[in-house]
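I have placed the structure first, in the form of structure tokens, so that the comments after it can refer back to it.
Numbering starts at 1 and runs along the sequence shown.
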Amino acid sequence: QLYKDYEKKCQQNNLVDFGELLLRCYETLKTTPTLLEHYQKRFNNILVDEFQDTNQEQDNMLQAVWRDSARYTQGCFIAVGDPKQAIYGFRGGDVLTYLNAFNDIASKQGSFYRLQHNFRSTPRLVEAVDALFQRQMQFGENIDYYPAQAGKDGASYLVEHGKPDLQPLRFVELEKDANEAYLIAHKIREWLIYAQEDKLFLQDDDAKIKIEASDIAVLANSHHQLSEVQKQLEKLGIDVNRTAQRSVFESTAAKDVAA
């Protein structure tokens with residue numbers, strides 16, 4: 001009933017949301033052969049990055065224009081994506097949509113290439129993540145984890161109190177009622193003090209790279225958790241750069257639903 005009321009409200013105000021836009025675009029393509037043919041001829045080649053974020057309505061359009069059984073040999077359709085990342089469900093992205101598209105491409109003699117080199121991370125971090133994710137990590141839908149290879153050679157490493165720290169991942173188990181935000185903030189302050197005293201830095205070949213507050217990032221499950229960490233850091237006089245502070249419930253779409 002809520003969705004029906006929402007649709008009625010949109011019709012009364014001559015409005016469409018993101019999902020409705022996609023649906024109407026697809027319906028227009030399917031019911032207007034001349035328009036469909038126009039886009040098929042105009043764009044022979046297409047590359048879709050972050051394909052795991054594609055939802056079913058989007059892929060319906062992609063299939064209609066670029067993977068149509070009568071035309072797919074006349075152009076080039078490239079999809080780049082990682083099905084493991086579909087767990088985030090960005091914009092309705094669905095791993096089944098990804099897998100169905102993958103099978104559709106494979107059925108049309110499409111080629112598959114696995115990008116195995118990671119150029120963003122250090123070799124030790126890549127090795128650590130590989131080891132972590134190969135411990136029978138379950139992604140569902142028969143999605144496997146394939147070890148990556150570091151694309152960088154001789155990457156920098158952390159030096160702490162005069163000793164190379166070759167462990168790129170550290171796990172800290174906290175007590176149930178521990179003040180997590182307080183502990184995180186004070187650990188960051190400790191690192192920054194060590195950095196000022198030249199006891200903590202990155203060694204990159206012959207260069208010594210000083211660690212600053214801007215080198216440290218905090219990830220959390222919710223805006224509330226980040227706000228708590230930010231509060232503790234600011235109490236310690238540590239500047240915080242937070243690009244997004246709004247809750248999803250404060251977005252225009254959410255307010256439209258709640259209206």
Side-chain angles (χ1 to χ4, degrees), residues 1-72 74-105 107-108 139-141 143 219-228 230 241-259:
Q1 183 61 43
L2 178 62
Y3 185 70
K4 289 181 179 179
D5 292 341
Y6 172 69
E7 282 190 314
K8 184 178 179 181
K9 192 77 171 177
C10 287
Q11 291 173 359
Q12 290 173 346
N13 292 275
N14 198 29
L15 298 172
V16 291
D17 58 19
F18 182 73
E20 188 70 16
L21 280 173
L22 293 175
L23 181 59
R24 292 192 183 189
C25 285
Y26 173 64
E27 291 176 342
T28 302
L29 287 172
K30 292 295 289 183
T31 56
T32 315
T34 54
L35 181 64
L36 179 61
E37 185 177 0
H38 166 76
Y39 284 110
Q40 288 173 333
K41 290 182 177 179
R42 183 175 179 183
F43 301 105
N44 289 324
N45 307 309
I46 182 173
L47 186 152
V48 184
D49 198 11
E50 303 293 356
F51 194 78
Q52 74 279 347
D53 295 331
T54 303
N55 61 35
Q56 191 59 58
E57 289 76 17
Q58 291 170 323
D59 192 57
N60 286 341
M61 287 191 289
L62 294 172
Q63 185 174 27
V65 180
W66 289 280
R67 301 206 312 269
D68 181 83
S69 57
R71 288 190 56 87
Y72 72 89
Q74 301 176 37
C76 180
F77 178 88
I78 302 174
V80 182
D82 179 2
K84 299 187 298 302
Q85 295 184 38
I87 60 174
Y88 302 113
F90 179 75
R91 284 288 193 185
D94 178 13
V95 68
L96 292 179
T97 298
Y98 178 99
L99 295 175
N100 289 336
F102 180 93
N103 292 331
D104 179 50
I105 294 170
S107 70
K108 294 168 180 171
F139 296 100
E141 304 301 334
I143 296 174
L219 306 180
N221 290 327
S222 68
H223 285 284
H224 172 72
Q225 289 176 322
L226 284 177
S227 295
E228 292 299 308
Q230 180 176 354
N241 178 22
R242 190 169 167 192
T243 56
Q245 301 188 41
R246 295 178 59 205
S247 165
V248 66
F249 296 107
E250 296 178 13
S251 64
T252 302
K255 290 180 178 178
D256 287 343
V257 172

| request: Identify, with sequence neighbours excluded, every residue that meets side chain to side chain contact (heavy atoms under 4.5 Å, CB included) alongside Glu7. | output: Tyr3
| For the atom pair CG (Asp94) and CD (Gln56), what is the distance rounded to the nearest 0.5 Å? | 7.5 Å
| note | From the list Leu29, Thr54, Leu36, side chain to side chain contact (heavy atoms under 4.5 Å, CB included) partner of Met61 resolves to Leu29
| field | Contacts of type side chain to side chain contact (heavy atoms under 4.5 Å, CB included), residue Gln12, not counting sequence neighbours | value | Lys8, Lys9
| note | Tyr26 meets the side-chain hydrogen bond (donor to acceptor under 3.5 Å, both in side chains) criterion, sequence neighbours left out, with none
| note | Sorted by chain and number, sequence neighbours left out, side-chain hydrogen bond (donor to acceptor under 3.5 Å, both in side chains) with Gln40 holds for Arg71
| query | What is the minimum heavy-atom distance between Asp82 and Tyr98, and which atoms define it? | reply | N-CE1, 4.3 Å
| message | Applying ring-ring contact (aromatic ring centres under 6.0 Å, His included), can you list everything that pairs with Phe102, at least two apart in sequence or on another chain? | response | Phe112
| said: Please check if the number of heavy atoms outside Asn45 that lie under 6.0 Å from its CG is greater than 12. | reply: yes
| said: Ignoring hydrogens, what is the shortest heavy-atom contact between Val95 and Pro83? Give both atom names and the distance. | reply: CG2-O, 4.0 Å
| message | I need the minimum non-hydrogen distance between Leu219 and Leu226, along with the two atoms involved. | response | C-CD2, 4.5 Å
| request: Work out which heavy atom in Gln52 is nearest to a heavy atom in Gly81; give both atom names and the distance. | output: OE1-CA, 3.2 Å
| With sequence neighbours excluded, what pairs up with Asn103 under the side chain to side chain contact (heavy atoms under 4.5 Å, CB included) test? | none
| said: If the condition is salt bridge (Lys or Arg N to Asp or Glu O under 4.0 Å), which residues does Glu228 pass it with, not counting sequence neighbours? | reply: Lys231
| field | Closest non-hydrogen atom pair, Trp66 against Asn44 | value | CD1-O, 4.2 Å
| query | What residues form a salt bridge (Lys or Arg N to Asp or Glu O under 4.0 Å) with Lys41, not counting sequence neighbours? | reply | Glu37
| Nearest non-hydrogen partners of Thr28 and Leu35, listed with the distance | CG2-CD2, 3.7 Å
| query | Taking only residues two or more places apart in sequence or in another chain, which ones pass side-chain hydrogen bond (donor to acceptor under 3.5 Å, both in side chains) with Glu27? | reply | none
Considering only distance and modelled atom types, tabulate donor-acceptor pairs under 3.5 Å from the side chains of residues 14-25, sequence neighbours left out.
unit_1: Asp17; atom_1: OD1; unit_2: Gly19; atom_2: N; d: 3.4
unit_1: Asp17; atom_1: OD1; unit_2: Glu20; atom_2: N; d: 2.8
unit_1: Asp17; atom_1: OD2; unit_2: Tyr6; atom_2: OH; d: 2.8
unit_1: Glu20; atom_1: OE2; unit_2: Arg24; atom_2: NE; d: 3.2

| Set of residues satisfying side chain to side chain contact (heavy atoms under 4.5 Å, CB included) with respect to Ser222, sequence neighbours excluded | His224, Gln225
| note | Across all chains, not counting sequence neighbours, the side-chain hydrogen bond (donor to acceptor under 3.5 Å, both in side chains) partners of Lys108 are Asp104
